[in-house]
Amino acid sequence: MPRPFVKWVGGKSQLIKRYSSLLPKTWARYYEPFVGGGAMYFHFKPERAVLNDVNLELANAYTVVRDRVDELIEALHTHVYDKDHYYGIRDQSPEDLPEVDRAARTIFLNRTGFNGLYRVNKKGLFNVPFGRYTDPTICDERNLRACSELLQGVEFRSADFERAIRDAQRGDFIYLDPPYAPVSPTSDFTAYAAGGFDFNDQLRLRDTLVKLGRRGVQFMLSNSDAVGLRALYEKQGWDVQRVRASRSINSKSSRRGKVYELVVRNY
Ligand SMILES: C[S@@+](CC[C@H](N)C(=O)[O-])C[C@H]1O[C@@H](n2cnc3c(N)ncnc32)[C@H](O)[C@@H]1O
């Protein structure tokens with residue numbers, strides 16, 4: 001306790017042990033610009049942290065967990081695991097809801113939707129179908145309170161990564177876990193937000209890290225071992241390691257299993 005209060009595709013829980021030996025010994029502030037479910041953040045519990053995700057629903061949920069956890073728990077208790085209720089809530093426009101109900105909606109859909117996916121259509125509407133579970137926990141009160149306590153004093157942003165980390169200073173540490181580039185042209189590429197994250201974003205990310213590195217900011221980046229990505233990093237003289245991971249983005253078990261990830265560090 002506390003642990004991530006949402007399930008998130010690409011969540012790093014399984015790799016934390018492997019990653020912990022790769023983190024720097026000390027840092028001033030911890031930045032995580034693609035925080036998602038925040039497996040790394042909740043595991044390492046850094047005191048001074050700036051967390052960010054471009055997903056507005058997620059950003060609102062973090063802020064409400066931090067600032068209004070009692071009201072959030074009350075709102076979550078109004079939800080039930082039921083197909084019709086799920087589709088009724090899914091059809092609501094989140095931007096029309098007060099922030100606590102909006103956060104409760106996000107957490108409810110995450111706990112009861114298919115595989116905890118977050119996926120939106122071209123119009124930006126959440127379109128994940130109802131998930132099959134046995135008695136899923138919609139409101140884990142104890143964990144939400146523990147998350148709330150830990151998040152006190154944490155700054156939460158909801159911007160594009162480049163903007164979210166531009167005030168990082170010498171001595172700060174940034175952990176980056178962007179949406180993964182597809183490992184082959186046929187593999188699934190999960191859209192986390194309307195717009196996705198394409199190769200130009202990967203280049204922009206690399207260039208942002210070059211600039212931050214020059215200023216003395218330490219970073220660690222995880223990414224898929226996709227064609228073309230490794231070359232981007234090796235040319236910079238950064239430490240690039242291949243780490244074995246098993247991800248479960250694919251629902252077909254034959255396509256799960258041995259997947260390698262890259263871990264890139266500038267220290
Ligand atoms: C691989 S997931 C991070 C998973 C996270 N490490 C965890 O443990 O759950 C990538 C995240 O990046 C966010 N994202 C996508 N494009 C972004 C951008 N341009 N700037 C900031 N965040 C972005 C997505 O909303 C998603 O939550």
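Nothing here was measured: the structure is a model prediction, and the numbers come from that model. Order of appearance sets the numbers: ligands from 1, and atoms from 1 within every ligand.
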Which atoms of ligand 1 are found less than 4.0 Å from any heavy atom of Gly11?
7 (C), 8 (O), 9 (O)
Below 3.5 angstrom, do we get any N/O pair linking Phe161 and ligand 1?
yes
Side chain, backbone, both or neither: which part of Phe197 comes within less than 4.0 Å of ligand 1 when only heavy atoms are counted?
side chain
Do the charged groups of Glu162 and Arg166 touch, with an N to O distance under 4.0 Å?
no
Is Gly37 close to ligand 1, meaning an N/O of one under 3.5 Å from an N/O of the other?
yes
Regarding atom 12 (O) of ligand 1: of the candidates Phe34, Tyr41, Tyr175, which has the closest heavy atom?
Phe34
Within 4.0 Å of some non-hydrogen atom of Asp160, the atoms of ligand 1 are 18 (C), 19 (N), 20 (N)
Taking only heavy atoms of Ala39, which atoms of ligand 1 are found under 4.0 Å from at least one of them?
8 (O)
Is there any N or O on Asp53 that sits under 3.5 Å from an N or O of ligand 1?
yes
For Tyr87 and Phe130, work out which heavy atoms get closest and say how close.
OH-N, 3.0 Å
Yes or no: does Asn52 have any heavy atom under 4.0 Å from an atom of ligand 1?
yes
Of the backbone atoms (N, CA, C, O) and the side-chain heavy atoms from C-beta on, which set of Ala159 has a member under 4.0 Å from an atom of ligand 1: side chain, backbone, both, or neither?
backbone
Looking only at N/O atoms, are Asp177 and ligand 1 under 3.5 Å apart anywhere?
yes
Without swapping roles, check the side chain of Asp172 against the backbone of Arg29 for a donor-acceptor pair under 3.5 Å.
yes
Would you list the atom pairs, donor with acceptor, under 3.5 Å between side chains in residues 39-48 and any protein atom, with sequence neighbours excluded?
from: Tyr41; atom 1: OH; to: Leu150; atom 2: O; distance (Å): 3.3
from: Lys45; atom 1: NZ; to: Phe42; atom 2: O; distance (Å): 3.3

I need the atoms of ligand 1 closer than 4.0 Å to a non-hydrogen atom of Gly38, numbered in the order shown.
7 (C), 8 (O), 9 (O)
What are the two closest non-hydrogen atoms of Arg265 and Leu22, and how far apart are they?
NH1-O, 2.9 Å
With heavy atoms and a 4.0 Å threshold, my read on which part of Pro4 contacts ligand 1 is neither
Salt bridge present between Asp207 and Arg204 (N-O < 4.0 angstrom):
no
Check each heavy atom of Val35 against ligand 1 and say whether those closer than 4.0 Å belong to the side chain, the backbone, both or neither.
backbone
Ligand 1 to Pro33, heavy atom cutoff 4.0 Å, flagged ligand atoms 21 (C), 22 (N)
Proximity to ligand 1 by part of Ala164, non-hydrogen separation under 4.0 Å:
neither
Given 3.5 Å as the limit, does a donor-acceptor pair link the side chain of Arg66 with the main chain of Leu151, or not?
no
Do Arg102 and Asp96 sit within salt-bridge range, that is, some charged N less than 4.0 Å from a carboxylate O?
no
Could you verify whether a donor N or O on one side chain and an acceptor N or O on the other, from Tyr233 and Asn223, lie under 3.5 Å apart?
yes
Criterion side-chain contact (heavy atoms from CB on, under 4.5 Å) on Val154 and Tyr62, from CA distance to verdict:
CA-CA 10 Å; Val154 166; Tyr62 271 95; over 6 Å; no
Asn55 heavy atoms, cut-off 4.0 Å: which ligand 1 atoms fall inside?
25 (O)
Ring-ring centroid check Tyr31 Phe161, cutoff 6.0 Å:
no
